[in-house]
Structure formats: structure tokens, C-alpha cells
Amino acid sequence: MPEGPELHLASLYVNKMCNGVVFTGPVRKSEVSKSPDVPFTCEAYRITATSRGKEVKLTLTPIKSDDTKQRLKTGQADQPMDVVFRFGMSGNFRFTTEDELPKHSHLRFYSKEKPCRVLSFVDVRRFGSWQPSGTWQSSRGPCVMFEYKSFRENVVSHLSDSAFDRPICEILLNQKYFNGIGNYLRAEILFRLNIPPFVAARTTLEGLDSEDLCESEKPVKKENTDKKPSDRTKQKRVKEETGDLLRLCHTVPLEVVSLGGKGYDPEKADYSGFKAWLQCYYVDGMKSIRDHNGRTMWFKGDPGPMVPKDSKSPKPKKRAKKEDDHDYTDKKKVARGRSANTTKKQVKQETVTKTPKKNKDARVKQSRSKTQEGNAPHEKKPTARRRKSSNAGPTTAGPLRRSGRVTRQKSN
DNA sequence: CGTCCACGTCTAC
DNA sequence: TAGACCTGGACGG
């Protein structure tokens with residue numbers, strides 16, 4: 001659930017579900033969670049939520065009672081407490097009855113009703129975290145969706161920062177400047193403007209005004225294809241109609257919010273709406289390669305000059321089980337078909353083992369050493385990456401990593 | 001069965 | 001700038 005739109009939708013969900021609900025008692029944490037305890041307990045309190053970029057803040061507000069003495073004696077809160085959440089790769093909120101507690105519910109707020117209900121912070125992978133008495137993380141910039149003006153100013157006034165030496169697709173994930181943008185949004189945003197992902201960020205951004213000159217412009221849409229404008233003209237028109245890159249960092253996430261539903265959440269029934277909204281990310285026919293941080297960048301056309309030297313396309317997953325093969329309307333299939341699979345459900349017990357194990361995600365980053373001799377491309381960056389374990393003898397477990405990864409994409 | 005991949009940070013050489 | 005941190009679904013053998 002994790003880019004700006006999903007975090008915001010989560011805050012809307014909490015406010016809707018918890019409106020009028022009275023919560024009680026302590027906040028409870030799962031055994032396995034390593035996030036801190038939330039030292040808040042109260043006979044009667046309410047919960048509201050707000051979001052900023054990729055964070056959600058819950059505010060726990062005690063309901064006034066006359067019995068101050070009693071409250072203090074039993075350690076009850078009488079002041080509100082904020083808890084700030086980051087969702088990692090899989091965080092979300094759910095409000096259920098007590099006996100329907102979701103698996104991986106790691107922080108729980110109990111309602112005072114008879115068959116009580118529970119607001120859960122659910123997080124399968126546990127990359128998410130929370131901070132009791134928390135504040136918005138100071139290293140993160142303004143929210144691309146709801147602090148648009150200061151977001152723009154923050155970027156435009158810091159273009160000399162060396163962070164902007166990087167390719168545009170990589171700085172779009174830098175939360176100091178693009179709080180709320182994640183991997184699918186960067187693909188969708190650059191795709192809309194036809195910006196090659198691996199061009200220098202500063203080049204792409206300089207010249208943009210800290211004021212949005214497009215301000216009062218109406219939505220988007222409308223594509224007049226009878227004319228064949230030159231590329232230059234086309235670029236200009238695109239800008240006029242849809243706004244510049246910074247504006248799309250604002251409007252594109254907001255589109256996801258207005259889709260309703262849950263945004264990116266393949267497990268949910270209303271995922272199809274989101275899937276249909278995607279134009280580039282994981283879409284059949286698009287290209288993808290790993291950026292310098294090992295994250296998959298989806299794009300169309302020219303990758304741009306700053307492509308990682310040894311980068312390869314991740315393997316195109318075959319479309320999952322059939323599902324619908326009847327294309328009713330225009331076909332807009334997505335490469336990944338996570339079907340709503342509700343079959344088995346191994347109730348495996350989550351444990352607290354601390355066995356040092358082989359990392360998995362790390363392997364994703366190690367681009368296989370293609371030319372396994374140390375050719376050193378020391379042009380610009382001291383690209384020390386790409387090698388590492390290559391000539392250090394085969395690792396016991398994984399001798400040959402991927403061999404030939406084929407570039408997905410049929411046409412171009 | 002094993003490998004690869006996933007909406008994101010963090011922090012330690 | 002590599003790993004580390006996690007679970008689980010899709011796929012391949």
C-alpha cells in the first residue's frame with residue numbers, strides 16, 4: 001500500500017471507519033514487531049488520521065471526563081498522542097471485528113463496543129514502522145499532493161544540490177524532494193511527458209518556475225491527433241495541456257486518489273480499476289531496466305544517456321493464470337496477473353527467529369556480472385558496483401545467477 | 001522443491 | 001553503495 005496516494009487513501013479509510021467510534025484501553029503490539037510500544041492507554045478516546053507524502057499520522061484524542069483523579073491514578077492519558085506511520089512495502093490499516101483480526105496485524109487499537117472492533121496496522125513484510133509521539137520525519141520534503149506550492153519551491157530552489165546530478169528517474173524517489181512519489185508513480189509521470197528516465201535531473205528541471213504557471217489550467221485529456229506537429233511543437237503542447245514535470249508529480253498521484261479504491265493493492269477486489277489506470281508500470285509492451293539502486297524502472301522508448309552500464313531488464317513474468325482472455329474492449333493487459341486467489345491459506349506461525357539468513361532482496365541488486373572480467377568503465381562515476389562477488393568464487397548456494405535475461409518488450 | 005520479484009527505507013563498511 | 005530487513009505469490013524444474 002505504499003506510495004503517496006495509498007497512504008492518503010489509508011488516512012481517508014481510518015477517518016471514515018473510525019468516525020464516531022470510541023476506543024479504549026491500551027494500544028497493543030504484536031509479539032514479532034520490532035517497532036516501539038505505544039505508551040498510550042485511555043478509558044475513552046477517538047482516532048483521526050492525516051497523511052503527508054509517504055507518512056500517515058494517527059491522532060489519539062482522549063474524550064473528556066470529569067474523573068481526572070481516577071484517570072491520573074491509573075495512568076490514563078489526558079493529552080492527545082500522535083503516532084506517525086511509514087508503510088514500508090506492505091503497510092495498511094484495517095478495521096475489523098476482534099475475531100477477524102488480519103494476519104500480520106502489528107499494532108492494534110480496540111474499540112469500546114460490545115463485540116469490539118479493532119483498528120489494525122497490518123504489514124506483511126514488516127518494513128513499515130511507527131513512532132509514538134511522532135512528528136513528520138524532518139528529512140522528508142513537502143507532500144507532492146497536498147503541499148504542492150512548497151513542494152515546487154523546495155525543488156526549484158535546490159537544483160544546485162548534487163542530488164540533481166542523478167538521472168531524473170532516481171531523484172523522483174528521493175523523499176527529501178518528492179515526498180509521496182514511489183516506483184509506479186515515477187514511471188507513470190515520466191511516461192506522460194515522454195521524458196527518458198535516465199537523463200540528468202537538473203537538465204530536466206531547470207527552467208521550471210517555482211510558481212506553477214499552469215495553475216488555473218483545467219484537467220487534462222483531449223488528444224487531437226489530426227495534426228502532426230513537430231516534436232518541438234508537440235513538447236510545447238504537452239506542457240501547456242498537462243503541465244510540467246513538477247505539476248505531474250502533483251496531479252498524477254491525485255488521479256489515483258480520485259480513483260477511490262485502495263490504489264496499488266493487488267490483493268483487493270477493486271484493484272482492476274487501478275490496473276486499468278496504469279499506462280506504463282508493469283504494462284505489457286513497456287521496457288524495464290534496473291536503475292543504479294536496483295529498482296526497476298518502467299518506461300517506453302529511449303532510456304536516456306545515464307543508463308546504468310550493466311543494467312539488464314528484469315525478466316518479464318509470464319502473465320499469471322488465464323483470468324480473462326476475452327478482450328471485450330481495447331486490450332490493455334498488464335504483464336502481472338495477480339489474481340484474487342482465495343484458495344489455500346497456510347496458517348503459518350510468525351516467529352521471532354533471528355537466524356542470519358541469506359538476503360533475498362539484495363540479490364536483486366547484484367546485477368549479474370555479464371562480462372566477467374574486470375573491465376572498468378571509469379568514465380564519470382566511480383561505478384564500483386557490478387562485480388563484488390563475481391570473481392570471488394561461486395557462492396555455495398547460488399553459482400550461476402540468471403544467465404540470459406531477455407529484454408522484455410515486443411515492439412518499440 | 002527453489003528462484004525471482006514486489007508499492008521502501010535504513011545503516012554500516 | 002552494498003546489504004539488511006521480511007513474507008508470500010508466481011513460475012520453473
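Chain letters run A, B, ... following the sequence lines, proteins first, then strands; residues in each count from 1.
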Does the ring of A/Phe127 meet both stacking tests against the six-membered base ring of C/dC5: centre distance under 5.5 Å and plane angle under 30°? yes
Output the rounded distance in Å from CZ (A/Arg126) to C1' (B/dA6). 17 Å
In whole angstrom, what separates A/Met89's CE from B/dC10's C1'? 14 Å
If you measure only the distance, is there a donor-acceptor pair under 3.5 Å linking the side chains of A/Ser33 and A/His106? no
Considering only NZ, NE, NH1 and NH2 on the basic side and carboxylate oxygens on the acidic side, decide whether A/Lys149 and A/Glu211 come within less than 4.0 Å. yes
Considering only NZ, NE, NH1 and NH2 on the basic side and carboxylate oxygens on the acidic side, decide whether A/Glu3 and A/Lys54 come within less than 4.0 Å. no
What's the closest nucleotide to the side chain of A/Arg166 if the choices are C/dC5, C/dT1, B/dT9? C/dT1
What is the separation between atom CG on A/Asn183 and atom C1' on B/dC5, rounded to the nearest whole Å? 12 Å
Does any pair with a residue in residues 153-173 of chain A pass ring-ring contact (aromatic ring centres under 6.0 Å, His included), and if so which ones, sequence neighbours excluded? A/His158-A/Tyr177, A/Phe164-A/Tyr177
Taken to the nearest whole Å, OH/A/Tyr282 to P/B/dC4 is 14 Å
Mind calculating the distance between CG (A/Asn293) and P (B/dG8) to the nearest angstrom? 12 Å
Out of B/dA6, B/dG8, C/dG8, whichever nucleotide has its closest atom nearest the side chain of A/Lys103: C/dG8
What's the CE-P distance between A/Met297 and B/dG8, to the nearest Å? 13 Å
For nucleotides C/dG9 and B/dT9, find the distance between their P atoms and express it as a whole number of Å. 24 Å
Measuring from the side chain of A/Val124 (C-beta onward, heavy atoms only), which nucleotide among B/dA6, C/dG8, B/dT9 has the closest atom? C/dG8
d(OH, A/Tyr281; C1', B/dC5) in whole Å: 10 Å
Starting the side chain at C-beta, find the nucleotide from B/dG8, B/dC10, C/dG8 nearest to A/Ser129. B/dC10
Under the side-chain hydrogen bond (donor to acceptor under 3.5 Å, both in side chains) test, residues paired with A/Asp99 that sit two or more places apart: A/Thr97
Residues of residues 132-145 of chain A with a heavy atom under 4.0 Å from any atom of DNA chain B, listed by number, are A/Gln137, A/Arg140
Rounded to whole Å, please give me the gap between CG in A/Asn174 and P in B/dC10. 13 Å
Quick one: do A/Glu255 and A/Arg192 make a salt bridge, cutoff under 4.0 Å? yes
Has A/Arg125 got a side-chain N or O lying under 4.0 Å from the OP1 or OP2 atom of B/dA6? no
Could you check, using the six-membered ring where one of them is a Trp, whether A/Tyr13 and A/Phe93 have ring centers closer than 6.0 angstrom? no
Is the A/Tyr264-A/Phe274 ring centre distance short of 6.0 angstrom? yes
With side chain to side chain donor-acceptor pair (under 3.5 Å) as the rule and sequence neighbours excluded, what pairs involving residues 79-88 of chain A come up? A/Glu55-A/Arg86, A/Thr59-A/Asp82, A/Arg86-A/Gln137
Take N1-N3 plus N6-O4 or O6-N4 for Watson-Crick, N1-O2 plus O6-N3 for G-U, both under 3.5 Å. Which runs of 3 or more such pairs involve DNA chain B? B:1-6 with C:7-12, B:8-12 with C:1-5
Residue set satisfying ring-ring contact (aromatic ring centres under 6.0 Å, His included) with A/Phe178, at least two apart, ordered chain then number -> A/Phe151
Under-4.0 Å side-chain N/O to phosphate OP1/OP2 contact, A/Gln175 with B/dT9: yes
Checking C/dG8, C/dC5, B/dC10 against the side chain of A/Arg86 (C-beta onward), the nearest is B/dC10
Below the 4.0 Å mark, does B/dC5 have OP1 or OP2 next to a side-chain nitrogen or oxygen of A/Arg290? yes
